[in-house]
Amino acid sequence: MTLSESAAAPVDEVVLEAVGLTKHFPVRKRLRDLFSRTPAVVHAVDDVSFALHRGRVTALVGESGSGKSTVARLLAQIYPRTAGDLRLHGTSTRVRGGRPFRSYVRRVQLILQDPFASLNPVHTVRYHLTRSLRIHGNAGRSAEDLEQALAKLLTRVSLTPPERYLDAFPHELSGGQRQRVAIARALGADPEVLLADEPVSMLDVSIRLGVLNLLQDLKERLNIAILYITHDIASARYFADETIVMYAGRMVEGGDSEIVTQNSAHPYTRLLTASAPDPERITGDGAGAGIDEAAGKDRGQGEPPSLISPPAGCRFHPRCPHAMRRCTADLPPRLTVGDRPGHWTACWLYDPATVAADAPGSAAPDADPAVPPPPALVKREDTATLGEAR
Amino acid sequence: MRDPVLEIRGLRVDYGLGDAAVHAVRDVDLTLHRGEVLGLAGESGSGKSTLAYGLTRLLPPPGVVSGGEVIYHPVDGPPVDVLSLSPAQLRAFRWAEASIVFQGAMNSLNPVHKVSTQLLDVIRAHEPRSTAAGRLARARELLKLVGISADRLHSYPHQLSGGMRQRVMIAMALALEPQVVIMDEPTTALDVVMQRQILGQLAELRERLGFAVLFITHDLSLLVEFSDRIAIMYGGRIVEEAPAAELYRRALHPYTDGLLHSFPALRGPRRELTGIPGSPPDLRAMPTGCAFHPRCPRAFTPCDAELPPLGPPGDDDPRRAVACWLHSATAPAPR
Ligand SMILES: Nc1ncnc2c1ncn2[C@@H]1O[C@H](COP(=O)(O)OP(=O)(O)O)[C@@H](O)[C@H]1O
Ligand SMILES: Nc1ncnc2c1ncn2[C@@H]1O[C@H](COP(=O)(O)OP(=O)(O)O)[C@@H](O)[C@H]1O
Ligand code: SF4
Ligand code: SF4
Ligand SMILES: [Mg+2]
Ligand SMILES: [Mg+2]
């Protein structure tokens, strides 16, 4: 995609871009580490690159501990980054508190998972929203201006009539209403980017939909760029234009949401989609059949690795049913999947040369690596026959 | 249909006494059959946990069971009324006949004791005549059963991941081969990959050991795949009950229908998500008639005045029950 020069911002314009973003957290030293030369760190986020576009929702999907919140905090510049760059409208930005930070926050707002924790229980909705409007210079000049701005914010998030909510305390609101107030507060800054870190995970299923629809509505009406962080890949299918999958601090797959969820390429994404609840899997007679089948057999290996000493090469290799020799040594680069524009994955299976080298004799070099069989059906030793197995 | 193993009849649970009492569980009838997985779903606050605590008599104060009965049918021997067991009988009943895995159970392991100590304690308490070697062997076997290698037996809880701790709790619940296992949101705090591993193991174990499971969750999408039957709870009452596949294909109660149209599906064509308008009812100010009527898109004349009874639907499918005037055989005709 090319950046347009036109003044009227096109819908696809890149607003915020992460380039090789990396965050390592120091680990407290133990005595025996004192003599080691390299200090131990948690490799929370390594080499993450993606762009947020005006008027688009990008989902960041992964299990807990995969680094999603750290990415959000790096983008919000709450954490300083270890390496990499962050570009706002193409300009590199690094702020550390003070006025530059405030002016950055005005444009890039973060919404957290727990609306209870993010709203101060002793203050009313009016207080929270007024403060946000004032800090970001959107409160207007007069008392009427402020009242109008407050009413507009609450209407924007469908808390109507506004009078009913303005003087309420957080505990008087339901979880969904609190999250709407948190979103309204973020909108008080009139931001270009919303970073929503698991905004509905703590809400009831029936309430989630309303909040997600609200985010979609903001994207469309206010043309905001939204990062939607979630562990629920099915919701990414419905609410995000683009989906990025993270595993153990690295991005492993990305592309159009429908394609990433329906034609997952990376073995980890496939494990994730095979594990998600799927009512369509029922056959009608008795329980558990579908569950058994998808559960996979690698019981002992069912968990992500340590991020203090992450596996070399592909971080998924200790769990991967397709792992090849190369996977344990070399980091897989982003490879295009099939002929779908924009669909990529970081997996050696999509490099025909690697697949061929790993299976001398049996795998045809011209085999289509874009469609390996689902992980559950292939055991490690079957990797050699990948080409035919499709 | 299989024989009942646990019958709940007219169960009522309140928090507090007299006029200040909150009626959290209202006249619940529910039957768990031998060897089946019965899913119980509903929004938070609908009374699912209260029901689980109430029927095992583990209610924390100010919770009180204010009516009804809970009949347990042992494999051999006469039925027992759980609600009238003496404290000693109750202790014997729990773990050995019916065990329970609570929400966030993985955090209820005692952090200062090794997993082995805690598992062995449960076994010893109920099988005092067993030998130490026998108990140890049993503990190893139990861990293996839930997919944890036996060398983890002597770990402390903090040395295990959340998923492993949760599986240890499940191992404990199965230690004495109970007939009934009650699980309250056992996998809600876990990632989907771990959740499916645990559910897969549970399904396998159920096949092998034949216990029945009352599986409580707010995640209906999970239940459809995993349960034999599903009961839906709203405002303290069961509003619909049906075989899982039937419920998914043709929900009768508008609330069930709303729940089924609230979550995005990963597979299949993209469905329209309608959700459910409004918020769950306030137990202190329960709507009259059908508690769902203020949110119900299909409410009609009798709904705000008369409580619909839970009964077979109009087409009289004996495997289903629903509490909605739209489907009641005795429904006042819509005007
Ligand atoms: N402030 C911190 N100090 C040290 N380690 C951290 C910190 N924040 C996160 N981590 C670690 O970084 C990894 C990624 O965490 P996080 O970004 O919260 O993941 P997610 O949001 O996907 O669950 C985890 O291993 C976590 O323990
Ligand atoms: N200790 C308590 N005191 C008073 N009310 C309670 C107490 N525990 C739960 N409740 C109320 O009982 C209702 C049912 O709660 P619960 O059984 O936890 O629902 P669920 O498990 O379906 O989320 C809720 O409205 C809750 O507020
Ligand atoms: S095949 Fe290799 S590169 Fe691809 S996910 Fe498996 S281990 Fe990683
Ligand atoms: S009884 Fe009436 S209000 Fe209640 S669910 Fe049925 S139609 Fe809706
Ligand atoms: Mg997080
Ligand atoms: Mg509960």
Side-chain angles (χ1 to χ4, degrees), chain A residues 62-66 173-177 202-213 231-239 258 261-262 264 268 271-300 302-304 319, chain B residues 36-37 39 41 43-45 147-149 161-164 190-204 206-207 213 218-228 243-246 248-249 255 258-268 270 273-280:
Chain A
E63 288 173 282
S64 59
S66 59
L173 303 173
S174 70
Q177 291 168 339
M202 312 244 315
L203 304 179
D204 248 302
V205 178
S206 62
I207 310 294
R208 285 180 190 173
L209 189 60
V211 174
L212 290 174
N213 281 333
H231 61 261
D232 175 15
I233 193 166
S235 73
R237 178 190 181 200
Y238 272 66
F239 294 96
E258 191 68 14
T261 56
Q262 304 306 301
S264 311
Y268 173 67
L271 176 64
L272 205 57
T273 51
S275 302
D278 179 9
E280 296 291 340
R281 201 146 27 199
I282 45 168
T283 49
D285 50 349
I291 294 264
D292 273 348
E293 189 189 312
K297 304 295 168 216
D298 306 313
R299 282 191 183 168
E303 296 186 64
R319 293 171 78 185
Chain B
E36 82 172 341
V37 177
E43 286 167 291
S44 59
I148 297 179
S149 77
S161 69
M164 281 181 160
L190 303 175
D191 281 308
V192 288
V193 175
M194 182 56 64
Q195 168 169 290
R196 187 165 289 276
Q197 281 180 11
I198 290 182
L199 293 182
Q201 279 159 9
L202 198 63
E204 251 177 64
R206 200 271 309 245
E207 277 311 303
V213 183
H218 66 277
D219 187 353
L220 184 53
S221 65
L222 189 67
L223 285 186
V224 174
E225 206 183 329
F226 180 65
S227 316
D228 298 300
E246 310 292 322
Y248 178 64
R249 294 204 187 101
Y255 175 65
L259 279 182
L260 285 171
H261 288 89
S262 290
F263 58 83
L266 184 61
R267 304 259 170 253
R270 292 168 65 104
L273 299 179
T274 48
I276 305 173
S279 12

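Below, all heavy atoms of this structure are taken into account, side chains as well, without hydrogens, waters or symmetry copies. Within every chain, numbering begins at 1; the chains are lettered A, B, ... in the order of the sequence lines, protein sequences first and strands thereafter.
With values rounded to the nearest 0.5 angstrom, S206(A) atom OG is found 11.5 Å from L220(B) atom CG. Once rounded to the nearest 0.5 Å, the distance linking OG of S275(A) with CD of Q197(B) reads 7.5 Å. We find the CD-CD1 distance between E43(B) and I207(A) to be 6.0 Å, quoted to the nearest 0.5 Å. Atom CG of L209(A) and atom CD1 of I276(B) lie 9.5 Å apart (nearest 0.5 Å). Within the model, atoms CG of D219(B) and CG of D204(A) stand 10.5 Å from one another, a figure rounded to the nearest 0.5 Å.
The shortest distance between side-chain heavy atoms of F263(B) and P277(A) does not fall below 4.5 Å.
Heavy-atom pairs under 4.5 Å with chain A were tallied for P277(B), S262(B), P280(B); the largest tally goes to S262(B). Across V192(B), L202(B), L260(B), the residue that shares the most heavy-atom pairs under 4.5 angstrom with chain A is V192(B). Heavy-atom pairs under 4.5 Å with chain A were tallied for S279(B), G268(B), G275(B); the largest tally goes to G268(B).
A cation-pi arrangement is present between R270(B) and Y238(A), with the terminal nitrogen or guanidinium carbon under 6.0 Å from the aromatic centre and inside a 45° cone about the axis.
A pairwise comparison of heavy atoms in D278(A) and R196(B) identifies N-NH2, 4.2 Å as the closest pair. Of all heavy-atom pairs spanning Q262(A) and L266(B), the tightest one is NE2-O, 2.7 Å. Closest non-hydrogen pair, A265(B) versus A234(A), comes out as C-CB, 4.2 Å.
With a 4.5 Å cut-off on non-hydrogen atoms, R237(A) touches chain B through its backbone and its side chain both. Looking at S149(B), neither its backbone nor its side chain comes within 4.5 Å of chain A, counting heavy atoms on both sides. For a residue to count as touching a neighbouring chain, one of its non-hydrogen atoms must lie under 4.5 Å from one of that chain's; by this rule Q195(B) touches chain A with the side chain only.
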